Amino acid sequence: MFSPKIYKERRNELKKKIKSGLILFLGNDESPMNYTDNTYRFRQDSTFLYYFGIDEPNFAAIIDIDENKELIFGNDFTIDEIIWMGPQKTVKQKASRCGVKQTYSMSELENILKNALSKGRKIHFIPQYRHSNMIKLQILLGIDATRINDYASPELIKAVAEQRAVKSREEIEEIEKAISIAYEMQVSAMRFTKPGMIEKEIAGFIEGIAISMGNGLSFPVIFSKHGETLHNHYYGNKLKAGDIVVNDSGAESFLHYASDITRTFPVSGKFSQIQKEIYEIVLLAQLTAIKSIKPGVSYKDIHLKASTVIAEGLKALGLMKGDIKEAVKQGAHALFFPHGLGHLLGLDVHDLENFGENNFGYDNKIKRSSQFGLKSLRYAKALVPGIVITVEPGIYFIPQLIEKWEAEKKFEEFINYQRLNLYKNFGGIRIEDDILVTNNGSRILGKPIPKSIEEIEEVASNKI
Ligand code: GLY
Ligand code: MN
Ligand code: MN
């Protein structure tokens, strides 16, 4: 945990932004895999971690704005539980580590909330994503569990999202620790991967690094020679010389801050000419985007700038044609780059995503587009110092999408479908880094991970 002072300061900051009422925070419970006692890895709710730091199941907290009180709810372990789970600190001891003095057993939560409700007091809560917590809220607040998120507090969503989005020095340090694990996951994978291996051998190896160096993965590893499937979690393909693989993976630091890094590398250690040509375009798009990052610039503009680099590069290879400015405006390039340039990163790998992307990634100046490709941009508004955002352009050859668009004669003025036939088995290339927006520009977080063709070939041909 951070020091108690940090959690107190975070809560004090939040208290200034909420006018009245109570704020209810639900921690996460254990999540059963196939029966109650066989659970998935426990993951605390990120907002609970942010304000209270207690990394254990069965906790809740209240900040009473009107009475300026902070309460933590949890149950001390019984001797039966200690027999199975070892000696435990008391709820009081755990609460004191985040600077909270008042503690209650879980059963008191319902009484306190019912009492507040009976007096007509406002109870603020953030959107929920776990069904068990939706059911809990139904019991505690009397709201239909299936409609809980309709009652989440817009005032609280805005306050928490604004606060969590901007990272402090100690949070940046945590993210950099997570990136140092991702460094090992990337470099070791390049060196470990050999023709004849099955993807899962490497995916398992990568996950082992995340577990041995940190708190495990920040999201399921994406490791595939079919990089054209954006979130490919199938690891059953056999790799051969000539293949390229996308490795999109990251780890959690011990305090649960995430990294999210992608590299694409050749199985044999050497890219072919055609792979190099596409790689250079993606790399230029990524570097151009990173260079454009500074406070005040909208991420939508940077996304469109990266899209333009991609479209121009593809035109130079004869895969796109015509007026590139117009092609990007109409979204023709999204055949090759169908996702957004990036997303916030922090305690969540897609930071704050449970708050609703339109609530924190868009504002009254920039509304979400409905255009294919651009609609998948998770964060579009003007950048501010202190946020961490991923920059992850890619070029993909998705056979089903190409066939569909060709059959529809879509964007024939911008796309050379005939030449595309040569690329149908190409796969995909994505390059992703995690970037801090600074007062006058940006900084790529973590120690540099091999990225140029020369750097990657050098590492990927030096096998272990
Ligand atoms: N790791 C998934 C993504 O890059 O969004
Ligand atoms: Mn990623
Ligand atoms: Mn990402």
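The model shown is predicted, which means the values in this text are computed figures rather than measured ones. These numbers come from the heavy atoms of this one structure, side chains and all, not from hydrogens, waters or symmetry mates. Just so you know, ligand 1 is whichever comes first in the structure, and atom 1 is the first atom listed for that ligand.
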Any His231 heavy atom less than 4.0 Å from ligand 1: yes

Show me which atoms of ligand 1 lie under 4.0 Å from any heavy atom of Glu432. 4 (O)

Nearest-option assignment for atom 4 (O) of ligand 1, heavy atoms, candidates Arg430, Glu392, Glu353: Glu392

Quick one, Ile172 and Tyr257 - any side-chain contact, counting heavy atoms below 4.5 Å? no

Could you check which N/O/S atom of Asp248 is closest to the Mn ion (ligand 2)? OD1

Could you identify the N, O or S atom of Asp260 positioned closest to the Mn ion (ligand 2)? OD1

Close-contact set for ligand 1 against His343 heavy atoms, below 4.0 Å: 3 (C), 4 (O), 5 (O)

Report yes or no: is the cationic atom of Arg10 (NZ for Lys, CZ for Arg) closer than 6.0 Å to the six-membered ring centre of Tyr50, at no more than 45° off its axis? yes

For the Mn ion (ligand 3), angle spanned by Glu432 OE2 and His343 NE2 (nearest 10°) is 130°

From the N, O or S atoms in Glu392, identify the one nearest to the Mn ion (ligand 3). OE2

Ile206 versus Phe192: any side-chain heavy-atom pair under 4.5 Å? no

Are any of the side-chain heavy atoms of Leu335 and Phe414 separated by less than 4.5 Å? no

Which of the atoms of ligand 1 are close to Phe219, meaning less than 4.0 Å from one of its heavy atoms? 1 (N)

May I ask you to check whether Phe52 and Phe25 place their ring centres under 6.0 Å from each other? yes

Could you tell me whether ligand 1 has any atom less than 4.0 Å away from a heavy atom of Asp260? yes

